[in-house]
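Please read the structure below before turning to the comments.
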Amino acid sequence: MGEQDYIRGSRNAYRFMMLHCLRELDIETDAEKLEKKIVQLVAEREEAISVLRDICRDCGDNSWSDDLHLADIIDKHLGRHLGR
């Protein structure tokens with residue numbers, strides 16, 4: 001077994017685990033429905049980022065990038081300011 005076979009096998013195992021986790025979370029795994037869910041989540045994140053920018057402008061700080069994890073934005077750039 002070569003390195004490429006190992007990599008391919010690992011990727012297949014991770015893909016299987018990811019699909020299992022999605023099913024356990026009641027997220028549709030049909031390709032078309034999954035694509036629709038991804039688009040929905042991207043749009044939802046963009047809206048959340050926009051709202052967080054407004055709130056952080058007034059109650060926190062905006063020294064974060066748009067790709068920062070939402071929990072980190074809330075905790076480090078909003079929550080810590082609200083707790084003071």
Side-chain angles (χ1 to χ4, degrees):
M1 181 164 103
E3 183 179 351
Q4 291 300 318
D5 292 329
Y6 175 80
I7 292 170
R8 190 173 19 260
S10 292
R11 292 180 63 85
N12 283 337
Y14 288 129
R15 182 178 50 79
F16 175 79
M17 286 187 289
M18 181 177 63
L19 289 172
H20 177 74
C21 291
L22 289 171
R23 285 187 204 106
E24 290 297 315
L25 292 169
D26 291 327
I27 296 173
E28 183 64 51
T29 57
D30 172 65
E32 186 176 319
K33 291 180 180 176
L34 188 56
E35 184 177 324
K36 182 179 176 183
K37 184 67 170 179
I38 291 168
V39 170
Q40 175 192 3
L41 291 172
V42 169
E44 184 177 296
R45 179 182 170 81
E46 290 299 314
E47 290 176 42
I49 292 292
S50 178
V51 170
L52 283 167
R53 285 281 181 204
D54 291 343
I55 295 170
C56 284
R57 182 187 61 241
D58 297 334
C59 303
D61 73 77
N62 268 321
S63 61
W64 46 273
S65 62
D66 287 347
D67 62 346
L68 187 61
H69 192 279
L70 291 176
D72 287 336
I73 295 168
I74 294 166
D75 178 44
K76 297 174 184 169
H77 300 279
L78 181 61
R80 290 183 184 172
H81 295 275
L82 295 176
R84 292 183 187 160

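Just so you know, these numbers come straight off a predicted model, no measurement behind them.
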[X] and [Y]: same hydrophobic cluster, using ILVMFWY side-chain contacts below 4.5 Å?
X: L34; Y: V39; result: no
X: F16; Y: I27; result: no
X: Y14; Y: L22; result: no

When rounded to the nearest 0.5 angstrom, what is the spacing between [atom1] in [X] and [atom2] in [Y]?
X: E35; Y: E28; atom1: CD; atom2: CD; answer: 13.5 Å
X: H20; Y: L25; atom1: NE2; atom2: CG; answer: 9.5 Å
X: R8; Y: R15; atom1: CZ; atom2: CZ; answer: 12.5 Å
X: M17; Y: N12; atom1: CE; atom2: CG; answer: 11.0 Å
X: R23; Y: M18; atom1: CZ; atom2: CE; answer: 10.0 Å
X: Q40; Y: K33; atom1: CD; atom2: NZ; answer: 13.5 Å

Contact check, side chains of [X] and [Y], non-hydrogen atoms, under 4.5 Å:
X: I49; Y: L70; answer: yes
X: L68; Y: H77; answer: yes
X: W64; Y: D72; answer: no
X: L78; Y: I73; answer: no

Heavy-atom donor-acceptor pair, R57 side chain to N62 backbone, under 3.5 Å
no
Counting only N and O atoms by type, is there a donor-acceptor contact under 3.5 Å from the side chain of S10 to the main-chain atoms of Y6?
yes
Check this for me, if you would: do D61 and R80 make a salt bridge, where the nitrogen-to-carboxylate-oxygen distance has to be below 4.0 angstrom?
no
